[in-house]
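Below you'll find the structure, written out as structure tokens, and then a few comments.
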Amino acid sequence: MFYLLLASFFWGTSFIAGKYAYTMADPSLIVLFRLIIASLITLPLTWRYLQQQTSSQTASISWKKIAFLGFLTYPVTFLFQFLGLSLTSASSAATVIGIEPLIVAISGAIFFKDKLSPSILLLGVMAFVGVALVVTHDQGGTVSLWGCTLVFFSTIAVAFWLRLSQQILQKMDAKVFTALSIQLGTLVGLPIMLLATQDWHIHYTAEGMAAILYLGIGCSLVASWCWNKGLGKTSANISGIFLALEPVFGVLLAVILLGETLSLTAIIGVVLVISAAGICILLPDQSQAV
């Protein structure tokens, strides 16, 4: 589970790195740059993997499924997150991400026929109230309802690729799947990322370049590999619980590094979201109930 914890840390810090990267380029270009960096770094791994495969083994790979999961995991999820982040504060975006474990559980009940216990429903309401407190409270104009809504859409995408990826990770090495999904996902999502770009001007700064490198290597490549490594050995629902740690890292670093402030109402909302997701870990029937 250490791998899941490390992945959650990197993803939680991506909101802070994103704010620094926005000083350099459009959010859609930032997503494209970070994926290109991760794709290029993993090319040697993909090349070695393909060389080692026989023609029959290569033919058995579900390329379409990997491409679809890569598209959903990277361009779709990151675009929703970063377009939303460009409109709202890092702390509010990180808080919305905190409901991911509950979205995973609820989507599992609706689409994958998992059992959903009353306790999970109650925690879902608790998390929703917490997000509402953060999103609707005026913090000097730094919180955007539309921005938080876009970030929320990313949690729905996460719920699906988390579940579907686990099926492939039972048959494929985590490093190989990470490399292939990033590369294929970037290719499939390239037209959308280009169409979503509104400003093509790039203002090169040391701060922005460092942030993009961190996003590409740490938040995209290392985080994805750690997550896939952990996901291959843990159930989707239990893995999803670790996503509750993202707002912990994100909100704390937003306050410390970006100087963002939280009102008492917003703090209560953050505590509600984190508590709701964290309680999932303590539920004795978590692996069966959701």
Side-chain angles (χ1 to χ4, degrees), residues 10-43 67 70-97 135 139-158 161 181-224 246-247 249-251 253-254 257-260:
F10 277 114
W11 283 334
T13 60
S14 68
F15 295 103
I16 287 74
K19 286 295 186 182
Y20 285 113
Y22 292 160
T23 63
M24 179 172 157
D26 183 271
S28 297
L29 288 180
I30 297 299
V31 172
L32 177 59
F33 292 157
R34 67 183 286 189
L35 291 180
I36 288 177
I37 291 171
S39 297
L40 291 176
I41 292 176
T42 53
L43 273 179
F71 171 67
L72 194 63
T73 304
Y74 301 105
V76 172
T77 300
F78 290 167
L79 278 175
F80 276 137
Q81 288 182 352
F82 270 48
L83 289 175
L85 179 63
S86 67
L87 301 174
T88 192
S89 65
S91 55
S92 64
T95 301
V96 174
I97 288 295
V135 173
Q139 299 180 55
T142 59
V143 175
S144 163
L145 179 59
W146 177 236
C148 290
T149 300
L150 289 175
V151 176
F152 172 75
F153 287 156
S154 77
T155 67
I156 299 176
V158 169
W161 64 250
S181 60
I182 289 178
Q183 293 158 5
L184 294 176
T186 301
L187 287 175
V188 174
L190 181 61
I192 295 178
M193 288 184 281
L194 294 177
L195 287 173
T197 302
Q198 298 181 352
D199 185 0
W200 291 90
H201 293 90
I202 299 176
H203 311 281
Y204 293 98
T205 64
E207 185 180 78
M209 293 180 69
I212 291 175
L213 285 174
Y214 178 76
L215 287 168
I217 299 174
C219 302
S220 297
L221 181 56
V222 177
S224 297
E246 285 189 56
F249 298 123
V251 172
L253 290 175
L257 298 180
L258 300 179
E260 294 185 0

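A quick note: this is a predicted structure, and the numbers were derived from the prediction, not measured.
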Minimum side-chain heavy-atom gap [X]-[Y] below 4.5 Å:
X	Y	answer
W11	Q81	no
F33	I202	yes
L184	Y74	no
Y20	L258	yes
L79	S28	yes
P75	L35	yes

Tell me if a side-chain donor or acceptor on [X] pairs with a main-chain N or O of [Y] at a distance below 3.5 Å.
X	Y	result
Y22	F82	yes
S154	L150	no
S220	L215	yes
T205	G208	yes
S144	T88	no
T77	L72	yes
K19	L85	yes
T13	F10	yes

What closest approach, in Å, do [X] and [Y] show between heavy atoms, and which atom pair accounts for it?
X	Y	result
V158	W161	CA-NE1, 3.2 Å
A21	I30	O-CD1, 3.5 Å
P27	S86	CG-CB, 3.5 Å
F249	G12	CB-CA, 4.4 Å
A67	V188	CB-CG2, 4.2 Å
D26	A196	OD1-O, 4.3 Å

Query - Listed partners of H203 passing side-chain hydrogen bond (donor to acceptor under 3.5 Å, both in side chains), at least two apart - result: none

Query raised in the report: Which pairs, with at least one residue in residues 185-195 and sequence neighbours excluded, count as a side chain to side chain donor-acceptor pair (under 3.5 Å)?
Result: S39-T186

Approximate separation, where rounding is to 0.5 Å, of [X] [atom1] and [Y] [atom2]:
X	Y	atom1	atom2	value
T155	F152	OG1	CZ	4.5 Å
S92	I97	OG	CD1	10.5 Å
D199	L29	CG	CG	8.0 Å
L40	Q183	CG	CD	8.5 Å
I41	I217	CD1	CD1	4.0 Å
C219	I212	SG	CD1	12.0 Å

Report task. Mind checking side-chain contact (heavy atoms from CB on, under 4.5 Å) for L213 and listing every partner two or more places apart, or none if nothing turns up? Result -> I37

Query raised in the report: In this structure, are over 12 heavy atoms from other groups packed under 6.0 Å from Q198 atom CD?
Result: no

Query - Derivation and outcome, side chain to side chain contact (heavy atoms under 4.5 Å, CB included), residues W200 and L194 - result: CA-CA 10 Å; W200 291 90; L194 294 177; 3.7 Å; yes

